[in-house]
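Heads up, the thing below is written out as structure tokens.
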Amino acid sequence: MVNNDIFILGVGHNTIVYIDLVETCGYKVAGLYHYNDERTGDLIHGHKIIDSNNNLFQKKSLVGMSFAISVGNNIIRNEIANIIRDKGGDIPILIHPSSVVSKYAKLEKGVVIHANSVIQADAIIGQDSVVSYNVSVSHTSRIGKACYLAFNSTIGAYVEIQDNVLIGQSATIVSGKLDYIGHDSIIGAGSVVIQNIEPFSVVAGNPAKLIRIIS
């Protein structure tokens with residue numbers, strides 16, 4: 001018997017987006033988990049916060065339980081996902097039915113694809129990465145683990161986006177102009193990237209220029 005229940009971890013402004021996505025994908029929201037005990041018992045759009053993450057992770061096993069992680073911070077989302085998987089829990093791939101994902105693309109564990117996004121052939125989306133709505137990921141591009149691609153961003157072809165990268169709203173990574181964006185970098189909203197970006201960089205503008213290095 002298939003278990004269609006999903007628990008959502010992370011309570012905030014984005015939680016309703018995940019409730020909507022989970023239900024649209026044919027699952028049932030079984031309950032919410034907050035990072036602490038302060039809101040246990042509260043209702044969020046009719047769904048109860050049943051406990052804290054800390055208490056959940058005290059369980060010896062999460063086998064048979066499925067989760068969606070409504071956390072924007074890439075590193076925290078990845079850490080939570082690793083704990084869940086280490087305890088035998090499942091984080092299913094969620095693809096909004098309005099999105100177009102090529103059968104020749106590869107989505108790794110825990111990937112989330114929101115509404116109206118396009119993932120072309122031979123693209124790879126790494127584990128626990130989130131593709132927001134109206135995003136385009138072009139063919140033969142590589143998105144690393146625990147990345148976040150904000151809405152209306154465009155990832156050109158033949159580009160490697162390394163782990164833990166945040167691509168801001170409406171940013172454009174131009175095909176044929178660069179090979180990679182280094183891990184743990186932030187690409188500012190509306191930026192146009194036409195050269196390689198080194199790890200831990202914050203860039204913005206058109207063309208994108210270095211603002212600072214993340215220390």
Side-chain angles (χ1 to χ4, degrees), residues 1-23 25-42 44 47-96 101 105-114 119 123-132 137 142-149 160-167 181-186 199-200 214:
M1 183 176 179
V2 177
N3 183 4
N4 283 328
D5 288 352
I6 286 187
F7 297 92
I8 296 177
L9 273 68
V11 176
H13 297 297
N14 200 42
T15 304
I16 185 56
V17 176
Y18 272 76
I19 291 171
D20 182 49
L21 176 64
V22 164
E23 292 177 340
C25 289
Y27 293 93
K28 175 185 175 183
V29 177
L32 312 177
Y33 285 89
H34 191 40
Y35 72 92
N36 62 27
D37 297 318
E38 292 177 354
R39 300 188 62 186
T40 299
D42 287 357
I44 306 296
H47 298 283
K48 188 176 181 180
I49 301 175
I50 57 178
D51 210 338
S52 69
N53 294 357
N54 290 335
N55 288 338
L56 174 68
F57 295 154
Q58 294 301 312
K59 295 178 180 289
K60 291 183 178 180
S61 173
L62 299 178
V63 171
M65 299 178 71
S66 295
F67 299 89
I69 306 173
S70 173
V71 175
N73 184 288
N74 289 332
I75 293 175
I76 294 174
R77 185 175 65 255
N78 185 235
E79 289 175 349
I80 291 173
N82 286 335
I83 292 171
I84 290 170
R85 283 189 286 263
D86 286 346
K87 290 180 174 288
D90 181 43
I91 307 172
I93 294 170
L94 297 174
I95 304 173
H96 194 282
V101 178
K106 178 181 178 181
L107 307 185
E108 297 184 351
K109 296 178 181 178
V111 164
V112 173
I113 310 291
H114 288 284
I119 314 297
I124 296 174
I125 312 295
Q127 181 172 291
D128 302 322
S129 286
V130 176
V131 177
S132 190
V137 179
R142 304 288 185 267
I143 311 300
K145 295 180 181 179
C147 292
Y148 190 98
L149 312 184
E160 178 189 6
I161 310 296
Q162 297 177 1
D163 297 347
N164 304 324
V165 169
L166 170 62
I167 306 292
I181 292 177
H183 62 82
D184 297 278
S185 290
I186 298 173
F200 297 104
I214 300 170

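Excluded from the calculations below are hydrogen atoms, water molecules and symmetry mates; all remaining heavy atoms, backbone and side chain alike, are included.
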Is a side-chain donor or acceptor of Arg142 paired with a backbone partner of Gln162 at a separation under 3.5 angstrom? no
Has Glu108 got a side-chain atom pairing as donor or acceptor with Gln127's backbone, closer than 3.5 angstrom? yes
Interatomic distance, Ile84 atom CD1 to Ile91 atom CD1 [nearest 0.5 angstrom]: 4.5 Å
Can you tell me how the ring of Phe67 sits relative to the ring of Tyr33, calling it parallel under 30°, perpendicular over 60° and tilted otherwise? tilted
How long is the straight-line distance from CD of Glu23 back to CG of Asn4, given to the nearest 0.5 Å? 12.0 Å
Are the side chain of Asp163 and the backbone of His183 linked by a donor-acceptor contact shorter than 3.5 Å? no
Enter the distance from Ile113:CD1 to Ile93:CD1 here, rounded to the nearest 0.5 Å. 8.5 Å
Any ion pair linking Asp128 and Arg85 (charged N to carboxylate O, less than 4.0 Å)? yes
Look only at the side chain of Ser70 and the backbone of Gly12, and say whether a donor-acceptor pair between them is shorter than 3.5 Å. no
Under the side-chain contact (heavy atoms from CB on, under 4.5 Å) criterion, do Tyr35 and Val71 qualify, and how do the steps go? CA-CA 10 Å; Tyr35 72 92; Val71 175; over 6 Å; no
Can you tell me how far apart CG (Asp20) and SG (Cys25) are? Round to the nearest 0.5 Å. 9.0 Å
So, the side chain of Ser129 versus the backbone of Cys147: is there a donor-acceptor pair under 3.5 Å, distance only? yes
Please check this pair: side chain of Asn74 against backbone of Ala146, looking for a donor-acceptor N/O pair closer than 3.5 Å. yes
